[in-house]
Number of protein chains: 2
Amino acid sequence: MAARKSKPPRQRRDAETARREILDAVEARLRQSGPAALRIADVAADVGVSHPAVLHHFGNREELIRAAITRAVDGLQSQLVEGMAQAKPDADSTLDVIGRLLDGLERKGYARMLAWIVLSGLEPETPDSRIAFMTQLVHEKRCQETALDPPPTLQDTRKTVLLIAYAAFGQAIFGDFVLRSSGVSDVKTEREAFRRWLADLVHAQLVGSTDPT
Amino acid sequence: MAARKSKPPRQRRDAETARREILDAVEARLRQSGPAALRIADVAADVGVSHPAVLHHFGNREELIRAAITRAVDGLQSQLVEGMAQAKPDADSTLDVIGRLLDGLERKGYARMLAWIVLSGLEPETPDSRIAFMTQLVHEKRCQETALDPPPTLQDTRKTVLLIAYAAFGQAIFGDFVLRSSGVSDVKTEREAFRRWLADLVHAQLVGSTDPT
DNA sequence: AACACTACTTACAGGACTGTCAACAAGCGC
DNA sequence: GCGCTTGTTGACAGTCCTGTAAGTAGTGTT
């Protein structure tokens, strides 16, 4: 028998909500497969709308991707700044600061996302000074805590921060791959172990002592 | 006046040469923009043939990419193994070994290429033990040279090797981006400086002394 | 209730890309 | 020369994708 043509009621969001839900979907797909593989129809299906609805909110594909990237980069930035801001000058150690940097980069898949962005050459052309800012914060902490006789140079701190960032990215991107091909069984535990090991190493490098007990 | 239809002579390579030239072009494009953005027609244009010629040699797009990736991964492998093999047990120090690891990863854009591969989830499913092998080599060197009293564990060496790999990848992918946004003027020099700094740091970590003079 | 606004839909046009096919031509053995 | 093999080509078919146009349906305002 012929089914009655009873269409399901059409869902209607306000523009802001729609944009947010769409960007969420875009971000997830970007993280998974990168910008070049993004299909508007897929995103639309994720959200549960037709593909012209997506175009209605963002104009075209390029703008859609740009919007998602901008939001992600801003998110990472506040994630980082927020994490650092929590570091009370005298309550927290550099060890905490390092942990927070690593956390911020990996949370919400920011590292993987940023890897896609940079590889694709889509990073916002903002000549931002975020890294310089982070470095400055770490350096101040370091100078307070250090046991090194010639006071550490900012250049040295910069390299250390760079190393932390690289390691975080490396783990986020190659971590599973490398561990799998190393025959490690408990990947999650191993990730944590590496992180602690790195934090200790960097801490020793920064303030010159690895066991303060 | 109507131009005479004088076709340029058709160039004809043997299959092996054609495949190699095509794979060269694919590799370059892969390194630049990744697998998802690869267009057969572009590759064909690079080589100077029509796009069906490319398909003739590789069957389809997927096989083409697979072939390029396989060749690249094999190349990286021999690059690495070769570099390590040069390390005479008693002539070279861990410092040299570290340098060689970094070199091998960055040479020919292997790091960037591998980043695309891993991000795209296209790594060959070979349960290879390359990393374990590298780790073993480094560990042996380390045990010979170390000044640490409790002999270093293999686990610790493994983490160190991991860190080197991560840093190499990080620099290859994010290096320019990060340095640019740090306001560094001479990028090339800074890259070198970081590498030396990292080699020293890791060396100290591995054999327990940073200034053997 | 009528009206405006706009999120959303279906249908379609245009283009880009992959893969196929039949024919062409360059080298090689005879 | 003649024919065979095979690298190579132009033309084409089918599909996928982006973007447009016109109309539909929620939601709020008066």
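Keep in mind that the numbers below use all heavy atoms, side chains included, and drop hydrogens, waters and symmetry copies. Quick note on labels: first sequence line is chain A, next is B, and so on, each numbered from 1. Given the structure is predicted, the values throughout are model-derived calculations rather than measurements.
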Distance-only donor-acceptor pairs under 3.5 Å for side chains of residues 47-62 of chain A, two or more places apart:
from: Asn60(A); atom 1: OD1; to: Glu62(A); atom 2: N; distance (Å): 3.2
from: Asn60(A); atom 1: OD1; to: Glu63(A); atom 2: N; distance (Å): 2.9
from: Arg61(A); atom 1: NH1; to: Leu38(A); atom 2: O; distance (Å): 2.5

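Between Phe194(A) and Tyr166(B), the angle of the ring planes goes over 60°, which puts this pair in the perpendicular group of the 30/60° scheme.
Checked for salt-bridge contact, Glu27(B) and Arg31(B) meet the test: a charged N lies under 4.0 Å from a carboxylate O. Using a cut-off of 4.0 Å between Lys/Arg side-chain N and Asp/Glu carboxylate O, Glu16(A) and Arg20(A) are scored as not salt-bridged.
The interatomic distance linking Phe58(A) (CZ) with dC8(C) (P) rounds to 11 Å, in whole Å. For the pair Ile22(A) CD1 and dA7(C) P, the interatomic distance rounds to 10 Å; values are reported in whole Å.
Using modelled atom types, one side-chain atom of Arg112(A) and one backbone atom of Gln32(A) make a donor-acceptor pair closer than 3.5 Å.
You'll find the side chain of Glu106(A) reaches within 4.5 Å of the side chain of Arg191(A), heavy atoms only. Using a 4.5 Å cut-off on side-chain heavy atoms (C-beta onward), Thr135(A) and Thr160(A) make no contact.
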Please produce a list of atom pairs where a protein N or O lies less than 3.5 Å from an N or O of nucleotides 5-7 of chain D.
from: dT6(D); atom 1: O2; to: Arg12(B); atom 2: NH1; distance (Å): 3.3
from: dT6(D); atom 1: O2; to: Arg12(B); atom 2: NH2; distance (Å): 2.9
from: dG7(D); atom 1: OP2; to: His56(B); atom 2: NE2; distance (Å): 3.1
from: dG7(D); atom 1: O4'; to: Arg12(B); atom 2: NH2; distance (Å): 3.4
from: dG7(D); atom 1: O3'; to: Arg13(B); atom 2: O; distance (Å): 3.1
from: dG7(D); atom 1: N2; to: Arg10(B); atom 2: NH1; distance (Å): 2.8
from: dG7(D); atom 1: N3; to: Arg12(B); atom 2: NH1; distance (Å): 3.4

Between the protein and nucleotides 15-19 of chain C, which nitrogen or oxygen pairs come in under 3.5 angstrom?
from: dT18(C); atom 1: OP2; to: Ile40(B); atom 2: N; distance (Å): 3.3
from: dG19(C); atom 1: OP2; to: Arg61(B); atom 2: N; distance (Å): 2.8
from: dG19(C); atom 1: N7; to: His51(B); atom 2: NE2; distance (Å): 3.1
from: dG19(C); atom 1: O6; to: His51(B); atom 2: NE2; distance (Å): 3.1

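When each of Lys141(A), Arg142(A), Gln205(A) is paired with Thr157(A), the side-chain hydrogen bond (donor to acceptor under 3.5 Å, both in side chains) condition holds for Arg142(A) and for no other.
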